[in-house]
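See structure below.
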Amino acid sequence: MSDPLSAAEYLARNAAAVQPAGALEERLAAAERESRPLRVKLGIDPTAPDIHLGHVVVLQKLREFQDLGHRVVLIVGDYTARVGDPSGRSATRPVLGDDDIDENARTYQEQAGRILDTAPERLEVRRNGEWLDMPMTEFLALARIPKVAQLLERDDFSKRYREGRPISLLEFVYPLLQGYDSVAVEADIELGGTDQTFNVLFGRDVQRAHGRPEQATLTMPLLVGIDGVQKMSKSLGNHIGVTEEPTEIFGRTMRIPDGLIDQWRDLLALDLGPDDAADARTRKRALARAICDRFAGDGSGARAQEEFDRVFLGGGVPDDVPEIEVEAGDVHLPALLAAAFGMSRSEARRALGQGGVRADDEPLTSERLDVPSADLDGRVVRVGKRRFARVRVRSVDA
RNA sequence: GGGGGGAUGUCCGAGUGGUUAAAGGAGACGGGCUGUAAACCCGUUGGCUCUGCCUACACAGGUUCGAAUCCUGUUCCCCCCA
C-alpha cells in the first residue's frame, strides 16, 4: 500500500472528488520521496459536539490516511465559533463562551477517538484562535485574495443571492479564515464534505498568496439521513449518533429506505460479508449490525438484532425499559405519558384516543383517563411501536 | 440618505374587521398493510385542571362590541435609486 498510485486510488474510491486531478498522487509521492507523513487537515465546528454517521464519513477517510502513515490535523474552529456564524437566516446562533468551546472540543475528540487513531504522532489538534486573532493589516491582505464574482459563483451564495435571501459579509469572510488555517498548519491535503468544496479549494488560493505549496483537496459525498432525502444532520433529526445505544442504532438503521444501503455501506466503509448478496431486508440487517459493531463495540450488532427481533417481530418488550414512578392512588394517564415520554398532555390524550397506547398488551383508551396505579404497577406502558416505560408505584413507607 | 415590499402555526403558504386555533401542502406522530423499507389507506398535529378554559398570526401600544386583518411606534429582512 505504500505505492502512491494504488494508495491514491484506494483513498479516492468513495470520494466525491479529488482536486486538482493528480494532486493526491503527487502529494503521496512527495511524502514517499521525502519519507515524511502528509499533514491532512480537517476543520471542525465546536458548536455541535455530537458526532453522527454523517461526520463519520470524513473521519473514516482521515483514518484511512492515518493507517497509511499520515498525520491528521484537526482544527477546532474556536475563533470562528466565537465570531458566531450568522448564516442560517432566522436563527442567530448563540455565541459560545470559552468554557463551552473547551467542553465541546473535548467531547468531540473523545467521540472522534472512536474512529481516529489518537496516537500523538498520528493526530494533532489545534485551535484556530492560535493564529486568527491577527492584526488588521494581515486581515486586509487576506481580504484582497477572493474576488466577489468568485464568491458569488458558489452555488449556495448565488442561489441565495438570486432568491433575494440575505448573505452577510461574515459569510464571505469564512472561507478566508478557513483558508488561512491551511497556511497556518501547512496542510498538504484538506478533507471535507462536498458542501465544503469551495472552502477547501479556496484554501489553495490563500496558500498560493502566502507563497506556500497548495493543498490537495478531497471531498466526500454527504451521507443521506434516515429520512432518505436530506443530508444527515442533527437539526433535521435524521441522524444516528455514534454514542447511541446499539438497539437504537440498529432500529434506526432498519428504518432507512432500501436505496440507501449501498451508499451507507460505501461511505462508512463497512463490510456486509456474505449477506451483501442477499435481499434488501437481509442486507439492511447486516448493515445495521455492522454499524453497531463499529461504534458500539464488537458483538453489539448481534445482540441488538436479537432484541430487535424479539421486540418487533415477536411483539415483546426491550430488556432495559426505563422506569417511571407514580404515586399510589389514581394515575392521570395523560400526565403519566407526558412525564414518561416527554410529550404534552394533549399529545398523550390524542395517542390514547387513537389506540396507540397499551399497558402490556391491553389497549388503554381515552374513555378512562384516571386509573388506579395498582392496575399499572409493574406493567410496561407502550406508545406506538417503540416507546416503552415500566410503571412502578412508589412505596408508601416514607 | 431616499423610495418600495415583507414578517402567519415545525416548515412552505392562504387569509385584508366577525362561524379563524387560523384553508391547502410538506413534515411529524398514531392506526392498517409490511421488512420499524417503499407504495397505499385512515386519523391526529398550540397548551391545559378538556362538552370548557388559556395562549397564539415579528414586538409594544391604540381604534372597535369584535383585529392576523385598521392606526401608531419599534425590531428584523428583501428590492430599487443615490
Side-chain angles (χ1 to χ4, degrees), chain A residues 86-93 157-171 224-231 233-240 244-265 272 275 278-289 291-292 304-318 330-359 361-370 381-388:
Chain A
S87 66
R89 296 167 286 179
S90 52
T92 313
R93 278 193 209 172
F157 284 156
S158 61
K159 188 151 174 264
R160 276 202 272 163
Y161 190 69
R162 231 181 305 121
E163 290 170 359
R165 283 154 53 205
I167 303 172
S168 89
L169 183 56
L170 193 53
E171 292 179 81
V224 174
I226 59 176
D227 58 2
V229 181
Q230 294 185 277
K231 70 171 183 180
S233 102
K234 195 177 171 187
S235 53
L236 293 173
N238 61 358
H239 66 296
I240 296 179
E244 288 180 47
E245 292 300 315
T247 48
E248 191 64 21
I249 294 178
F250 192 95
R252 299 194 66 152
T253 302
M254 287 306 286
R255 295 179 73 187
I256 68 172
D258 292 354
L260 235 52
I261 299 173
D262 286 353
Q263 190 202 43
W264 279 36
R265 176 200 60 199
L272 305 190
D275 282 345
D279 60 282
R281 177 170 172 272
T282 305
R283 298 180 68 229
K284 200 187 289 182
R285 285 161 71 87
L287 177 72
R289 286 196 308 275
I291 294 174
C292 288
Q305 177 170 306
E306 249 171 66
E307 171 134 341
F308 178 86
D309 287 349
R310 191 161 54 75
V311 173
F312 295 106
L313 302 184
V317 172
D330 276 4
V331 183
H332 188 58
L333 286 177
L336 172 70
L337 298 176
F341 304 111
M343 54 204 326
S344 75
R345 293 183 179 206
S346 302
E347 275 182 282
R349 258 173 232 278
R350 281 179 222 123
L352 284 162
Q354 295 183 104
V357 183
R358 256 160 278 214
D361 280 324
E362 177 200 341
L364 297 171
T365 67
S366 52
E367 329 257 277
R368 247 181 14 135
L369 291 181
D370 295 282
V381 174
R382 169 180 193 168
V383 176
K385 285 174 179 161
R386 50 181 192 279
R387 281 181 283 183
F388 301 87

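Throughout, a chain's letter reflects where its sequence line sits, starting with A, and its residues are numbered from 1. Not measured: the values here are computed from a predicted model.
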| query | Side chains of A:D309 and A:R285: does their closest heavy-atom pair fall under 4.5 Å? | reply | yes
| query | In terms of side-chain heavy atoms of A:R281, which of B:G35, B:G47, B:C29 is nearest? | reply | B:G35
| field | Spacing of A:R349 atom CZ relative to B:C29 atom P, expressed in whole Å | value | 22 Å
| request: Would you classify A:G384 as touching base, sugar-phosphate or nothing, given that sugar-phosphate means primed atoms plus P, OP1 and OP2, and contacts are heavy atoms under 4.0 Å? | output: sugar-phosphate
| remark: Any strand, both distances under 3.5 Å, Watson-Crick or G-U wobble: B:G35 pairs with none
| field | Rounded distance in Å - CG (A:D279) to C1' (B:G35) | value | 9 Å
| field | Gap in Å between the two C1' atoms, one belonging to B:G52 and one to B:G4, rounded | value | 47 Å
| task | For B:G24 and B:G43, measure between their P atoms and round to the nearest Å. | result | 12 Å
| request: Could you tell me whether A:R382 contacts a base, only the sugar-phosphate backbone, or nothing, with contacts defined as non-hydrogen atoms closer than 4.0 Å? | output: nothing
| request: Please determine, for B:C59, whether a Watson-Crick or G-U wobble partner exists with both distances under 3.5 Å, and give it or none. | output: B:G73
| B:G32 and B:U10: how far apart are their P atoms, nearest whole angstrom? | 29 Å
| request: Give A:L260 one of three labels, base, sugar-phosphate or nothing, depending on what nucleic acid heavy atoms sit under 4.0 Å from its own. | output: nothing
| query | Does A:Q354 make a side-chain donor-acceptor contact with the base of B:G43, cut-off 3.5 Å? | reply | yes
| query | In the structure shown, which nucleotide is the Watson-Crick or G-U wobble counterpart of B:G1, with both distances under 3.5 Å? | reply | B:C81
| field | Donor-acceptor contact below 3.5 Å, side chain A:K284 vs main chain A:I256 | value | yes
| Residue whose nearest RNA chain B nucleotide is more 5′ - A:G355 or A:R386 | A:G355
| Should A:S344 be listed as having a side-chain N or O under 4.0 Å from OP1 or OP2 of B:G46? | no
| message | Determine whether a donor-acceptor pair (one donor, one acceptor, N or O, separation below 3.5 Å) exists between the side chain of A:D258 and the base of B:G35. | response | yes
| message | Please pick, from B:A37, B:G30, B:U34, the nucleotide with the shortest atom-to-atom distance to any side-chain atom of A:K385. | response | B:U34
| query | B:A28 P sits how many Å from A:R252 CZ, rounded? | reply | 12 Å
| Donor/acceptor link under 3.5 angstrom from A:R350 side chain onto base of B:C29 | no
| request: For residues A:V311 and A:T247, determine if any side-chain heavy atom of one lies less than 4.5 Å from a side-chain heavy atom of the other. | output: no
| query | Tell me: CZ of A:R387 to P of B:G31, nearest whole Å? | reply | 9 Å
| query | Looking only at atom C1', what distance separates B:A21 and B:A39, rounded to whole Å? | reply | 33 Å
| message | Say we look at B:C57 and B:C50: how far apart would their C1' atoms be, to the nearest angstrom? | response | 24 Å
| When we call it a touch if two heavy atoms are under 4.0 Å apart, what does A:R283 touch: a base, just sugar-phosphate, or nothing? | nothing
| field | Value in whole Å for how far the P atom of B:C50 lies from CG of A:L352 | value | 14 Å
| query | Please give, in whole Å, the distance from B:A26 C1' to A:N238 CG? | reply | 15 Å
| Distance, rounded to the nearest Å, where A:I226 contributes CD1 and B:G27 contributes P | 15 Å
| query | With A:R283, which of A:D258, A:D262, A:D275 fulfils side-chain contact (heavy atoms from CB on, under 4.5 Å)? | reply | A:D262
| remark: A:L369 atom CG is separated from B:C48 atom P, nearest whole Å, by 13 Å
| task | Run the salt-bridge test on A:D361 and A:R382 with the 4.0 Å N-O cut-off and return the result as yes or no. | result | no
| field | A:L333, A:L336, A:T365, A:V381 screened by side-chain contact (heavy atoms from CB on, under 4.5 Å) with A:V357, the one that passes | value | A:V381
| query | Of all the choices, B:G43, B:G35, B:G47, which nucleotide is nearest to the side chain of A:E347 once you look at every atom? | reply | B:G47
| query | Looking only at atom P, what distance separates B:U69 and B:G17, rounded to whole Å? | reply | 11 Å
| B:C70 versus B:G15 - spacing of their P atoms, nearest Å | 13 Å
| query | Using atom P of each nucleotide, how far apart are B:G9 and B:A58 to the nearest Å? | reply | 8 Å
